[in-house]
Protein chains: 2
Amino acid sequence: MASLPVVNQPVHRSGALLDQLARRVRLRSESVLAPLGLRVRHLIALTVLRDRGGCTQQALATTLEIDGTNIVGLLNDLEAENLIARRRSPEDRRRHVVELTDAGAKRLAKAEFALAAVEDEVFAALSDAQREALYGLLQQALGTGDDGCVAAID
Amino acid sequence: MASLPVVNQPVHRSGALLDQLARRVRLRSESVLAPLGLRVRHLIALTVLRDRGGCTQQALATTLEIDGTNIVGLLNDLEAENLIARRRSPEDRRRHVVELTDAGAKRLAKAEFALAAVEDEVFAALSDAQREALYGLLQQALGTGDDGCVAAID
DNA sequence: TAGATGGTTTGTGTTGCATCAATGATTAGC
DNA sequence: GCTAATCATTGATGCAACACAAACCATCTA
C-alpha cells in the first residue's frame with residue numbers, strides 16, 4: 001500500500017459502468033414493480049431494511065444518502081401500504097425506528113421473484129457463479145451484512 | 001438449464017445493491033466532474049465512445065438506453081466543448097458517426113484521474129483485485145469489449 | 001433553561017429523462 | 001420518379017427524484 005507497484009495495466013474505472021448497468025436494471029425494474037405498487041426507490045429501502053434489520057430514519061437516510069425530508073416522504077409511502085412500521089425508539093423518543101412488516105417482507109419477496117426475468121435479461125452474459133460473485137462484491141462494497149445501518153434495537 | 005437444481009441458498013438479487021452503489025459513486029462524482037465541465041451523463045457517453053470506438057447516434061442512444069432526442073442534446077453539449085466529432089456516415093448520409101476527439105480523450109483521462117479518490121472512497125472495502133474483478137464483471141455484463149456499439153466505421 | 005436534535009410539512013428549483021410534434025435531408029422500395 | 005420510411009434536429013410538456021430551505025413540535029443534553 002505504501003509503495004505502489006507500477007504496472008503496465010492502467011487502472012480501470014468502474015463508476016461509469018456501474019451507472020450504466022444500474023440504469024439497465026432500473027429501467028426494466030420499473031414496469032415490473034409498478035403492478036406491485038412499488039418504485040425502485042421503495043424497493044431499495046425495503047431491501048436495506050430487510051438486509052440490515054430495523055434502523056432509525058436518520059440512519060436509513062444516511063445509508064441511502066438521501067436527504068432527511070425525502071426519507072420522510074419515502075417512508076410515508078411505505079407506511080401507507082403497511083410495508084414498514086415506525087415506532088419511537090425507547091432510548092430517544094425523538095427517533096423513529098423503522099422496521100419491515102410481515103406484509104413488507106412478503107411484498108419484497110414477491111418483487112424479487114418478479115425481478116428474476118429482469119436480472120436474467122440484464123445479466124445474460126454472466127454465469128450463475130459470476131452473478132453470485134457480483135452480488136458478493138456489491139454487498140462487500142456497500143458494507144452490508146456485518147452491521148446494521150445503525151444498531152438501533154435492543 | 002432445463003432442470004434447475006434446487007439449492008438451499010436463495011438467489012440473491014443484485015439490482016438494488018447495484019443501484020445503491022452506483023448512486024454512491026455518482027453523488028461523489030458530480031462535484032469532481034463539475035470543475036472539468038462534465039456531468040456524469042457526459043462521462044458515461046465519453047466512456048462508451050472510448051471503449052467501443054465511434055458509433056452512430058442511434059446506436060449510442062440504444063447502448064445508453066436514452067431516447068434519441070435526448071442523445072442529441074447530450075451530444076450537443078459534448079460537441080460544443082469539442083470533446084466529440086460528428087460526421088456523416090459514408091454508408092448512409094442520414095446517420096452521424098460520433099467519435100471521441102483528442103481533446104475528448106484527454107478530458108476523459110483527466111476526469112478518470114480525478115475520480116480516483118471517489119472510487120477509493122466508495123470501494124474502500126474492496127481490495128485492488130476485487131475492484132478489478134468487479135470491473136471485469138461489469139464489463140462482461142454490459143457486453144463491452146468484443147463489439148463496438150455498432151460497427152460503424154470502415 | 002437554552003440550545004441541539006429528530007422528524008414533519010411545505011415549498012422551490014434543478015436535473016434527467018420520456019414523449020410528442022414538426023421539420024429537413026436522405027434512403028429504400030416499388 | 002414517387003412515396004414511405006429513416007435519422008437527426010428543435011422545441012415543448014410533464015414526471016420523478018431528488019437537494020435545500022424554512023418553520024414547527026417533541027424530545028434530549030449540558
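Every chain is numbered from 1, with letters handed out A, B, ... down the list of sequences.
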**Q** Hydrogens and angles aside, do Q58(B) and T56(B) bring a side-chain donor and acceptor to less than 3.5 Å of each other?
**A** no
**Q** Can you tell me how far CG of L43(B) sits from CG of L115(B), rounded to the nearest 0.5 angstrom?
**A** 6.0 Å
**Q** Do the side chains of E79(A) and R86(A) get close enough for a salt bridge, i.e. N-O under 4.0 angstrom?
**A** yes
**Q** For the pair R28(A) and E121(A), find out whether any cationic side-chain nitrogen is under 4.0 Å from an anionic carboxylate oxygen.
**A** yes
**Q** Please list, in 5' to 3' order, the outermost nucleotides of DNA chain D lying under 4.0 Å from any heavy atom of chain A.
**A** dA16(D) to dC28(D)
**Q** Run through L60(A), T63(A), T47(A) and flag the one making a side-chain contact (heavy atoms from CB on, under 4.5 Å) with R52(A).
**A** T63(A)
**Q** Any ion pair linking E81(B) and R107(B) (charged N to carboxylate O, less than 4.0 Å)?
**A** yes
**Q** Answer yes or no: does a side-chain N or O of R86(A) lie under 4.0 Å from OP1 or OP2 of dG7(C)?
**A** no
**Q** Roughly, in whole Å, what's the span from CD in E65(B) to C1' in dT19(C)?
**A** 17 Å
**Q** Hey, are R50(A) and E112(A) close enough for a salt bridge, meaning a charged N less than 4.0 Å from a carboxylate O?
**A** yes
**Q** Measure the distance from CZ on R94(A) to P on dG6(C) and round it to the nearest whole Å.
**A** 6 Å
**Q** Hey, which sits more toward the 5' end of DNA chain C by its nearest nucleotide, I66(B) or H96(A)?
**A** H96(A)
**Q** Return the 5'-most residue of the pair R88(A), D67(A) with respect to DNA chain D, ranking by each residue's nearest nucleotide.
**A** D67(A)
**Q** As an exercise, state the distance from OG1 of T101(A) to CG of L108(A), rounded to the nearest 0.5 Å.
**A** 10.5 Å
**Q** Measure the distance from CD on Q57(A) to P on dT5(C) and round it to the nearest whole Å.
**A** 17 Å
**Q** Near DNA chain D, counting only heavy atoms under 4.0 Å, which residues of residues 36-44 of chain A show up?
**A** R39(A), R41(A)
**Q** Does Q58(A) have a side-chain nitrogen or oxygen under 4.0 Å from the phosphate oxygens OP1 or OP2 of dG6(C)?
**A** yes
**Q** Could you tell me the separation between the CD1 atom of I71(B) and the NE2 atom of H96(B), rounded to the nearest 0.5 Å?
**A** 13.5 Å
**Q** Which part of the nucleic acid, if any, lies within reach of R23(A) when heavy atoms closer than 4.0 Å are counted: base, sugar-phosphate only, or nothing?
**A** sugar-phosphate
**Q** Rounded to the nearest 0.5 Å, what separation is found between the OG atom of S14(A) and the CZ atom of R131(B)?
**A** 9.5 Å
**Q** Specify the separation, in whole Å, of atom CG of L60(A) and atom C1' of dG7(C).
**A** 13 Å
**Q** For the side chain of T69(B), counting heavy atoms from C-beta on, which of dT10(C), dT19(C), dT27(C) is nearest?
**A** dT19(C)
**Q** Go through residues 71-78 of chain B and report each residue with a non-hydrogen atom lying under 4.0 Å from DNA chain D, sorted by number.
**A** V72(B), N76(B)
**Q** Do Q130(A) side-chain atoms and L137(B) backbone N/O form a donor-acceptor pair below 3.5 Å?
**A** no
**Q** Does N70(B) make a side-chain N or O approach to OP1 or OP2 of dA18(C) shorter than 4.0 Å?
**A** yes
**Q** Rounding to an integer number of Å, can you tell me how far D92(B) CG sits from dT27(C) P?
**A** 6 Å
**Q** Is D102(A) atom CG crowded by more than 12 heavy atoms from other residues, nucleotides or ligands, each under 6.0 Å away?
**A** no
